[in-house]
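Worksheet for the structure shown next.
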Amino acid sequence: MNATQTILTGVKPTGSPHIGNLLGAIRPAIELANRPDVASLLFIADYHAVTSAPAPDELRALTYEVTATWLSLGTDPKKTIVYRQSDVPETFELAWILSCFTEKGLMNRAHAYKAKTAENEAAGRDADHGVNIGLYSYPVLMSADIVVHDAHKVPVGADQVQHLEIARDIVQKLNHHAGKEVLRAPEALVQETVAVVPGLDGRKMSKSYQNTIPIFLESKKLRKLVMKIKTDSSAPEDPKDPAKSDIFAMYKHFATKEEVAALAKRYQTGIGWGEAKEALYLALDRELAGPRAKYEALMADTGTLEKILKEGGARARVSAQRTLSRVRQALGLN
Ligand code: TRP
């Protein structure tokens, strides 16, 4: 089947992805990318990370970690073009061009920048304290990441929807100036299926709450963490409502239909929390053991990771160069 849509996924190089990331973003994006009617690109946004000036060795290591994460969880590098943003220099040329079609006021209104200035003002500092131009114009670079490959759709969390609107706005301005549709306006694909995955303390699983279960935790540590999930003080023999249990909510994503039905029954007849946690741990461990082994093998073989990224970069440059020459032509550049 011919690919009818190009889907592009961008991931910032940050460490230790957790179960919340897996269910909310990684799994759905991989399922989409593996569909036969979809052409897909996945890139590690290493230039975006530079806005916070990470240690060079750390940035390199994190780039490998993110790449190994997605590959071990099912991204097929033969189908999906997997690359590092810094291997596609056309992105940055396009970012400059796009910045010339970006109203400064549009950047002033971007959520991330507004949050930063609000934080500064609340602390009695200058509004722009600690804001570099890279951070300020981040949405322009993100727009370039997307439109340089003529992507139709971008799977994102709700927090990124505004960035896609900004991209569309910039594209429209450039197209209007050129008098034709030079660039494609991308659409956000918001993942809402698994809205909130509860963390160890019952709040949304999030790094900032320190309540996460990392995906690649070694089996024993995984068990220990699962045993820490917060529960109420009901007695083991008390009937329990599966719909109100965080353990059950997570179990549903990792167990078979039959297993889920069986556990629901156990809840109704009374189950000790320790037993429920044990069931969850076993399901998680069964599901994650394969990816964990693959992840470790990849991390021990950065040569292979490097090769995949380089090959992906070369493939990604083909569409990027095509877009760039179209844009240059349309704008009267060489
Ligand atoms: N801004 C995105 C985030 O913080 C990462 C990102 C950068 C991205 N460029 C992108 C996502 C292009 C999708 C498409 O998660």
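Indexing begins at 1, ligand by ligand and atom by atom, following the structure's order. Excluded from the calculations below are hydrogen atoms, water molecules and symmetry mates; all remaining heavy atoms, backbone and side chain alike, are included.
- Under 4.0 Å from ligand 1, the heavy atoms of L8 that appear belong solely to its side chain.
- At least one cation-pi condition fails for R109 and Y136: the charged atom is not both under 6.0 angstrom from the six-membered ring centre and inside a 45 degree cone around its axis.
- Residue-level proximity to ligand 1 for I146 is carried by the side chain, the only part with a heavy atom below 4.0 angstrom.
- Per-residue contacts place V154 under 4.0 angstrom from the following atoms of ligand 1 (heavy atoms of the residue considered): 13 (C), 14 (C).
- There is a side-chain donor-acceptor pair under 3.5 Å between Q5 and K153.
- Between D145 and ligand 1, at least one pair of N/O atoms sits closer than 3.5 Å.
- Among all non-hydrogen protein atoms, the one lying nearest atom 2 (C) of ligand 1 is Q160 OE1, 3.4 Å.
- Expressed to the nearest 0.5 Å, how far OG of S325 lies from CD of E90 amounts to 9.5 Å.
- With respect to atom 6 (C) of ligand 1, the closest heavy atom belonging to the protein is M142 SD, 4.0 Å.
- Ring pair H253/F248: centre-to-centre distance not below 6.0 Å.
- Taking 4.0 Å as the cut-off between side-chain N and carboxylate O, R266 and E237 do not count as a salt-bridged pair.
- In terms of protein heavy-atom proximity, atom 5 (C) of ligand 1 is closest to Y138 OH, 3.8 Å.
- Salt-bridge check for R292 with D285: passed, with a basic side-chain N closer than 4.0 Å to an acidic carboxylate O.
- The single protein non-hydrogen atom nearest to atom 11 (C) of ligand 1 is G10 O, 3.5 Å, given as residue, atom name and distance.
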